[in-house]
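Quick notes on the structure that follows.
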Amino acid sequence: MELDVGIVEGRVKSRDLVSIPLIDDMLVLACGQNHLFFGRHTLFINELNGHDFVKREPGSGTRELFENFIVRHGLDIHTVFEESTPDSIKNAIQINNCMAVISIRLLEKEIQNGEMYVFTGPHKEWNRHFSFVYHKDKYLTDSILRLKEIVSSYNDVEEIRKLPGGKLVDS
């Protein structure tokens, strides 16, 4: 398989690839409107113990960030679903009363409609970046440069940060 460019979450380790950070993203802890935590302004990390979660599939960067968080805080949560698409994760949150760590960008409509509520993680530890990646010897065509411009336009997160939600804090 050959690719001209990629949009990659996480750190690129190959010296043969050029990686340009373009998009800031923020993961949040999300719950549906029937969840016990919906609408709270503050949620203590230890309150997550014993709750049902839907996680991304193994190998996902989102999952890795969340699992590191679980270990760091000694949490005991219940993983009831593993899903690979945003829609299946949102359905598990809303229909099965699960919680999930997911990009706030994927929940804008649901938050604005009052269907979901989110908590931002402590100390910005769930912030991440997406990079525009290509081989160091790749000739960048006008189309590739235009794609880079389009991807860059998704970096405006200020409006997203204004969405209603609570804070997840250390206990």
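At a threshold of 4.5 Å between side-chain heavy atoms, the hydrophobic network of Ile, Leu, Val, Met, Phe, Trp and Tyr places I144 and V12 in two separate groups. L65 and V71 are not part of a single hydrophobic cluster, where members link through side-chain heavy atoms under 4.5 Å apart. If you chain together hydrophobic residues whose side chains sit under 4.5 Å apart, L36 and L75 fall into the same group. The cluster map of Ile, Leu, Val, Met, Phe, Trp and Tyr, joined by side-chain heavy atoms under 4.5 Å apart, puts V8 and L22 in different clusters.
Atom NZ of K148 sits about 10.5 Å away from atom CD1 of I7, to the nearest 0.5 Å. In this structure, the separation between CD1 on I102 and CE on M26 is 12.5 Å, given to the nearest 0.5 Å. One distance of note links OG of S19 with CZ of F132; it measures 10.5 Å at 0.5 Å rounding. Expressed to the nearest 0.5 Å, how far CD of E149 lies from CG of L145 amounts to 8.0 Å. Taking CG from N68 and CD1 from I70, the interatomic distance works out to 9.0 Å, rounded to the nearest 0.5 Å.
When atom types are taken as modelled, the side chain of N49 and the backbone of N46 share a donor-acceptor pair closer than 3.5 angstrom. In this structure, the side chain of Y117 engages the main chain of G166 through a donor-acceptor pair within 3.5 Å. Looking only at distances, no side-chain donor or acceptor of H129 sits under 3.5 Å from a matching main-chain atom of D24. Judged by distance alone, with hydrogens and angles left aside, the side-chain atoms of K90 form a donor-acceptor pair with the main-chain N or O of L106 at under 3.5 Å. Not one N or O on the side chain of S131 forms a donor-acceptor pair closer than 3.5 Å with the backbone of V133.
Surrounding CZ of R11 are at most 12 heavy atoms belonging to other residues, nucleotides or ligands under 6.0 Å away. Summarising the local packing, NE2 of H78 is surrounded by more than 12 heavy atoms from other residues, nucleotides or ligands at distances under 6.0 Å.
Counting only heavy atoms from C-beta outward, the side chains of I45 and L168 approach each other to under 4.5 Å. Contact annotation: the side chain of I111 approaches that of V118 to within less than 4.5 Å [non-hydrogen atoms, C-beta and beyond]. Residues R63 and P58 meet the side-chain proximity criterion, which asks for heavy atoms closer than 4.5 Å.
Here E47 pairs with R40 in a salt bridge; the nearest charged N to carboxylate O distance falls below 4.0 Å. The pair E83-K55 does not count as a salt bridge, with every side-chain nitrogen at least 4.0 angstrom from each carboxylate oxygen.
L107 and A30 get closest at one heavy-atom pair: CD1-CB, 3.6 Å. Residues Y134 and D4 share a closest heavy-atom pair of CB-O, 3.6 Å. Across S103 and L27, no two heavy atoms sit closer than the pair N-CD2, 3.5 Å. What you find for L48 and I77 is that their closest heavy atoms are O-CG2, 3.6 Å. Residue F37 comes nearest to H51 through the heavy atom pair CZ-NE2, 3.3 Å, listed as atom of the first residue, atom of the second, then distance.
Applying the side chain to side chain donor-acceptor pair (under 3.5 Å) test between T62 and each of R128, R56, E9 identifies R128 as the sole match.
Using a 30° and 60° split on the angle between ring planes, F66 and W126 fall in the perpendicular class, above 60°. The aromatic rings of F69 and H73 are tilted relative to each other, their planes meeting at an angle between 30° and 60°.
The distance between the ring centers of F53 and F81 does not fall below 6.0 angstrom.
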Side-chain donor-acceptor pairs of residues 91-99 under 3.5 Å, sequence neighbours excluded:
unit_1	atom_1	unit_2	atom_2	d
N91	ND2	D87	O	3.4
Q94	NE2	E115	OE1	3.2
N97	OD1	H35	N	3.4

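A search for side chain to side chain contact (heavy atoms under 4.5 Å, CB included) contacts involving H135 returns D16, L17, D137, K138, not counting sequence neighbours.
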